[in-house]
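Data first, discussion second: the structure below is written as structure tokens.
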Amino acid sequence: MARSLKPAAPIAAGWAPLGRALVDYHRGDRRRHFIVHSDLWDDEPTPVEEFYRPDHLPISELELRALSLCRGRVLDLGAGAGRHALELQAWGLEVTAVDVSSDAVAVMRERGVRDARCGDLDAVGGDRFDTILLLMHGIGLVGTLSGLATFLERAHGILADEGQIVCDSADLTIIPPSLFDLDDSSDHEPGSYLGEVEFRLTYGRLEGQPYPWLFVDPRTLERFAKASGFDFAIGARGGQGAYVAVLSHKK
């Protein structure tokens with residue numbers, strides 16, 4: 001049953017538990033899990049390995065398709081432990097990997113990501129990129145639909161003239177309602193956009209504060225993209241409503 005996401009004693013920023021878990025995994029503790037709390041689903045114990053993405057685990061077909069769409073200079077937002085950045089580097093692309101977790105950035109650097117920075121869009125200053133990449137449902141970093149509109153407007157100032165955004169998300173509207181926990185104990189606001197979710201992470205005794213996340217269906221993303229001056233195309237589709245989208249400057 002979904003429960004209140006307010007921790008009893010918030011002691012860390014939202015992403016701090018994941019960052020700490022990535023450091024521990026990188027140092028050799030391979031059996032660790034962290035807990036994902038949500039206002040839409042039951043609590044989910046998650047192996048750290050799924051986010052560290054060690055070299056022996058293959059990249060999914062959907063993500064490989066997304067990576068193959070990248071070109072030129074790439075900005076990997078929400079880069080985590082750097083698995084996608086490392087893959088693109090191996091393909092010969094210039095990559096700047098950015099994450100809000102200083103622990104994740106430290107792990108990226110130790111794994112060999114050449115340009116890893118801590119922060120958000122402000123971390124890239126006046127740099128321009130040919131591709132902005134957001135994977136592992138990475139467009140969700142915008143938090144809400146209003147945050148999506150703000151991000152798309154800012155992206156114009158970061159992308160080169162023929163630049164593009166390559167991102168993935170999931171269409172929750174095609175998932176059976178029985179998989180969601182929307183009874184009276186849920187914190188999900190009645191009547192709100194289904195994909196506007198609140199998460200909280202815990203790792204051992206380290207509790208993170210709640211943070212918003214967005215799962216956006218392709219029709220809604222297309223509408224926001226076109227309103228912000230982007231062309232929209234589906235780059236690939238996967239199971240359970242997952243898809244890759246490409247947003248490019250209108251020609």
Side-chain angles (χ1 to χ4, degrees), residues 1-63 76-87 97 99-111 113 116 118 134-141 143 168-170 172 175 178-182 185-188 195 197-215 238-242:
M1 179 179 296
R3 297 186 292 274
S4 172
L5 293 187
K6 298 179 178 62
I11 59 173
W15 288 101
L18 178 56
R20 184 77 56 82
L22 291 173
V23 168
D24 285 350
Y25 188 95
H26 185 65
R27 298 286 186 265
D29 190 346
R30 303 297 166 86
R31 295 176 295 176
R32 291 297 190 113
H33 290 67
F34 62 96
I35 309 298
V36 180
H37 311 270
S38 165
D39 63 348
L40 200 57
W41 296 285
D42 289 338
D43 293 352
E44 183 178 1
T46 304
V48 179
E49 182 178 73
E50 291 186 13
F51 281 76
Y52 183 88
R53 313 295 289 276
D55 293 343
H56 70 268
L57 287 184
I59 296 176
S60 72
E61 289 297 323
L62 192 69
E63 290 181 349
D76 183 1
L77 282 179
R83 181 71 167 91
H84 300 120
L86 289 168
E87 189 75 14
D99 199 280
V100 296
S101 167
S102 59
D103 283 333
V105 172
V107 169
M108 278 195 278
R109 289 171 177 163
E110 290 190 16
R111 292 183 82 183
V113 176
C118 186
L134 302 106
L135 282 187
M136 297 187 73
H137 298 160
I139 194 66
L141 289 169
D168 68 340
S169 192
L172 300 189
I175 297 176
S178 60
L179 296 182
F180 301 122
D181 194 349
L182 294 175
S185 67
S186 171
D187 283 350
H188 200 78
V197 181
E198 190 171 76
F199 284 127
R200 182 171 63 83
L201 307 178
T202 58
Y203 177 61
R205 299 181 64 182
L206 182 60
E207 298 187 357
Q209 297 183 23
Y211 61 90
W213 191 264
L214 179 67
F215 294 98
Q240 297 184 318

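Below, all heavy atoms of this structure are taken into account, side chains as well, without hydrogens, waters or symmetry copies.
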Side chain to side chain, L201 and Y211, heavy atoms closer than 4.5 Å: yes
Spatial distance of atom OG1 (T202) from atom CD1 (I35) [nearest 0.5 Å]: 5.0 Å
Side-chain atoms of residues 44-51: list all donor-acceptor pairs with protein atoms under 3.5 Å, sequence neighbours left out, distances to 0.1 Å.
from, atom 1, to, atom 2, distance (Å)
T46, OG1, E44, O, 3.1
E49, OE2, Y25, OH, 3.3

Main-chain N/O of L135 paired with H137 side-chain donor or acceptor, under 3.5 Å: no
D103 versus G19, closest heavy-atom pair with distance: CB-O, 3.3 Å
Considering all heavy atoms, the nearest L57-R83 contact: O-NH2, 3.3 Å
Atom pair CZ (R53) and NE2 (H84), whose distance is rounded to the nearest 0.5 Å: 4.5 Å
Contact summary for D99 and A104, nearest pair of heavy atoms: OD1-CB, 3.9 Å
CG on D168 to CD on E63, rounded to 0.5 Å: 6.5 Å
Nearest heavy atoms of G208 and P17, plus distance in Å: N-CG, 3.6 Å
Closest heavy-atom pair and its distance - A79, A97: CB-CB, 3.7 Å
Inter-residue atom distance E110.CD - R27.CZ, 0.5 Å rounding: 4.5 Å
Six-ring centre of Y52, R111 cation under 6.0 angstrom, axis tolerance 45°: yes
Atom pair OH/CG of Y203 and L22 - distance to nearest 0.5 Å: 9.0 Å
Non-hydrogen atoms of S169 and L214 that approach each other most closely: OG-O, 4.2 Å
Ring geometry between F215 and F199 (parallel below 30°, tilted from 30 to 60°, perpendicular above 60°): perpendicular
Criterion side-chain contact (heavy atoms from CB on, under 4.5 Å) on L40 and L172, from CA distance to verdict: CA-CA 11 Å; L40 200 57; L172 300 189; 3.9 Å; yes
